[in-house]
Amino acid sequence: MIELDAFRAETRAWLEANCPASMRTPVASEEDMCWGGRDFVFQSQDQRLWLERMAARGWTAPEWPAEYGGGGLSHDQAQVLREEMARIGARPPLVSFGVWMLGPALLKYGTEEQKRKFLPPIVRGEIRWCQGYSEPGAGSDLASLQTRAEDRGDHWIVDGQKIWTSYADQADWIFCLVRTDPEAPKHLGISFVLFDMKTPGVSTRPITLISGKSPFCETFFDGVRVEKENLVGELNRGWDVAKYLLGHERAMIGAMGQAANARPLGELAAERLGRDDAGRLDQPMLRARLAEFDVDAFAFDAALEETGAALAAGRAHPAMASVLKYYGAELNKRRHELLMAAGGSDALEWEGARSNGGAAARDWLRTKANSIEGGTSEVQLNIIAKHLLRLPGA
Amino acid sequence: MLTEEQTLLLEAAGGFFAEQAPVALRRRVRDDRKSKGVDAGLWRAMGEMGFAGVLVPEADGGSGLGPVEAGLIALAAGRTLAPSPFLSSGVMAAAALAGGGEAERLGALAAGEAVIGLAVDEEGRHAPDRLTCQAEASGNGCRLTGAKTFVLDGAAADAFVVAAADAEGAGLFLVEGGADGLTRETDVLLDGSQSARLALEGAPAQRLGGADLVERFLSLGRACAAAEMTGLAEGVFALTGEHLRTRKQFGVEIGRFQALQHRAAHLFCEIELARAGTLKALRLLEADAADAAFAVAAAKAKAGQVAALAVQEAVQMHGGMGMTDEADPGLYMKRQRLLDRLLGDADQQRELAARALGY
């Protein structure tokens, strides 16, 4: 405890001295996020500096071992770091699928050589990763994926198509599920491989969503050469790696349900729609819905704290990530439904500086994917029924 | 997360209630009007285990523990609908008497011998900020005049903690069961517990504390009621899960049907949230945190909503059997209704939560 207090004091002082003032303002849009990568254009010198300083300490991946560039912090220390960053409103120095998803999978399944090669550039934000999972014919039934890897001795030739690949058009490398044994039962013929998006034969096409934005792509592979040294885990056992990684993805999407430093919705609504003589929000029906939401958000935050910590420490059933994913996604959708209700007619704006480019409406529409991406809500309920409730036939 | 000691306490309490107070005990107490709605033997056994006096200082014969531990006992008791006066006496009366000067009574509480009824509501509603029951100073003590309803464990009580207003505002008062000027009528409630309606006409009373104590007393009671409802939801959900895994229709276990799987899985998530929220509220109460008031209201609202869903799904998924008195889901349903009502239902808690958040 005393050691932790010392760590807190030290961390606080370091953050105070090293976090630029402009990096202590809320992230207002996608453009404010630092994704890193070979082609990333920093929004400001401060954004670059903040990433470099944090990466130098390994604090972009606080709990990874220091030998792979991580911070080497204990779970408690990492929690202190998060709290101290939240205290000054520090932005995340790096938003990274490498940190959230690939890194944990490499730490568990990667070879020593793979860890040394791939983890440090992730920590430094030098390589941006994307995830090649879903295919046009393999959505909820992911294991039926058809992208084929043909054995050519020291390498594979990959042919096929992925879809819903987040930011594939901006990513440097991809972690990808491919079929290496078409004869085996569907879960047992899949391998998990890594390759550079600049490899000949890789092409991407952004998909415009109902929000008018294109965070997802179609990704095509036409005779793409993949070295065998870039196989993660055992041949044909990629499904194990995929499931492990999906757990991390789900915990991440679930965390969207948490209102990080957000202003209370009721306050926002009262500002727009007015208060009655007793100081209450002037729309009783909306007020009741907001209260119901705030109660659920409180309980969800508590569950995220409790179960999130237990999951990270390996003390909870891995399927508990599905509980957080399911509830967090549904909660985030509700939050944005209420934000639209609370926003009045201003929330209908689609363009222009006053509405920050129609942020309210676009964000609202974007959240509709929360209960689809990373496994639909219905798939999460299937997983809970099977693994946590052990219902027959689930 | 729970500390090691807290985990052990929850396990010990879970084992104790499963063995000493299975649902059948509530059924027996309900069917025996002379029980006055509680099982005296169970309450004494809870005294021996240190549960009855969880909040009573060690110097007075109790365990000297805090809100989290009290909540864990309530949670375990909720799983089997244990018919004890734990909420009224072990939690709320212990909190009301914490001001001191009642060593003997605290000792009797900790031993599971005293039962103290909870007299807060008036005219069938929970409105502790609009008390009509009045206290007037008289000699060393005071005298209470007014009427109370839904007095929890009022039939079995040998004394009452009464919320009343005096010149300083709301306060808590101790009234003996046999006091002059007190008349008690008992009511048998839907869950087999027996409450009372009290008429106070200048009944002698001891002042225990003012508005701060009332606040703390209500918060602790609400948080532990939330814990009992969380346990209740867990208990009835376990019955439902077992039924889904074993009951066959169309030649298969009904738990194979996705329509039921998804509802059960959703309910599982809701119970996780109710438990996490309740534990968080108990911890914030223990730390005397500024946002404890919101957290307690939110936790009770959540636990109330979730337990209501759990009992409704239990009856529905048990089918016709769920409607019979012989099966247990109905007992859970009735107790849930009482616990939600107690100290303000989910709607009232949401109202408190909204006010605490400034809208």
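A, B, ... follow the sequence lines: proteins, then strands. Residue 1 opens every chain. Note that the structure is a prediction, hence the values are computed from the model and not measured. These values consider heavy atoms only, across backbone and side chains, with no hydrogens, waters or symmetry-generated copies.
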For residues B/Tyr359 and A/Asp294, is any side-chain donor paired with an opposing acceptor at under 3.5 Å? yes
Output for pair (B/Leu273 CG, A/Thr307 OG1), nearest 0.5 Å, gives 8.5 Å
Check whether A/Gln380 gets within reach of chain B through its side chain, its backbone, both or neither, counting any heavy atom under 4.5 Å. neither
In terms of heavy-atom pairs under 4.5 Å with chain A, the winner among B/Gln305, B/Glu253, B/Arg275, B/Met1 is B/Met1
Heavy-atom count around A/Trp164 CH2 within 6.0 Å, excluding the residue itself: above 12? no
Chain A contacts: which residues in residues 255-267 of chain B have a non-hydrogen atom closer than 4.5 Å to it? B/Gly255, B/Arg256, B/Gln258, B/Gln261, B/His262, B/Ala264, B/Ala265, B/His266
Interchain contact, B/Ile254 with chain A, by part (heavy-atom threshold 4.5 Å): neither
Does any backbone or side-chain atom of B/Ala303 lie under 4.5 Å from a heavy atom of chain A? Answer side chain, backbone, both or neither. neither
Let me see the working for A/Phe298 and B/Lys280 under side chain to side chain contact (heavy atoms under 4.5 Å, CB included), right down to the final yes or no. CA-CA 9 Å; A/Phe298 158 80; B/Lys280 174 137 196 182; 3.9 Å; yes
If every non-hydrogen atom of B/Ala354 is compared with every non-hydrogen atom of A/Ala291, which pair is closest and at what distance? CB-CB, 4.2 Å
Under a 4.5 Å heavy-atom cut-off, does chain A meet the side chain of B/Gln349, its backbone, both or neither? neither
Check each atom of A/Ala310 against the heavy atoms of chain B and say whether the ones under 4.5 Å are side chain, backbone, both or neither. both
Cut-off 4.5 Å, heavy atoms of chain A, and the answer for B/Ala299 is both
At a 4.5 Å cut-off on heavy atoms, which part of A/Leu265 comes close to chain B: side chain, backbone, both, or neither? neither
Chain B: which of A/Leu281, A/Leu389, A/Leu290 shares the most heavy-atom pairs with it under 4.5 Å? A/Leu389
Structural part of A/Asn382 lying under 4.5 Å from a heavy atom of chain B: both
So which heavy atom on A/Ala299 is nearest to which on B/Ala276, and how close? O-CB, 4.2 Å
Among the listed options A/Gly393, A/Gly279, A/Pro392, the residue most often paired with chain B at heavy-atom distances under 4.5 Å: A/Pro392
Are more than 12 heavy atoms, taken from residues, nucleotides or ligands other than A/Arg334, located less than 6.0 Å from that residue's CZ atom? yes
Should the heavy atoms of other residues, nucleotides or ligands under 6.0 Å from CZ of A/Arg82 be counted, would the total exceed 12? yes
A/Glu306/B/Arg283 ion pair, N-O < 4.0 Å: yes
So for B/Arg355, is it side chain, backbone, both, or neither that comes closer than 4.5 Å to the heavy atoms of chain A? both
Counting only non-hydrogen atoms closer than 4.5 Å, does A/Ser377 touch chain B with its backbone (N, CA, C, O), its side chain (CB onward), both, or neither? neither
Is B/Lys302 salt-bridged to A/Glu292, cutoff N-O under 4.0 Å? no
Over 12 non-hydrogen atoms of neighbours within 6.0 angstrom of CD in A/Glu267: yes
Under 6.0 Å from the NZ atom of A/Lys386, do we count more than 12 heavy atoms belonging to anything else shown? no
Can you list the steps and then say if B/Glu272 with A/Tyr327 is a side chain to side chain donor-acceptor pair (under 3.5 Å)? CA-CA 10 Å; B/Glu272 280 301 307; A/Tyr327 216 101; over 6 Å; no
Where on A/Arg287 is there a heavy atom nearer than 4.5 Å to chain B: the side chain, the backbone, both, or neither? both
To the nearest 0.5 Å, atom CG of A/Leu388 lies from atom CZ of B/Phe268 at 4.5 Å
Separation of B/Cys269 SG from A/Lys325 NZ (nearest 0.5 Å): 12.0 Å
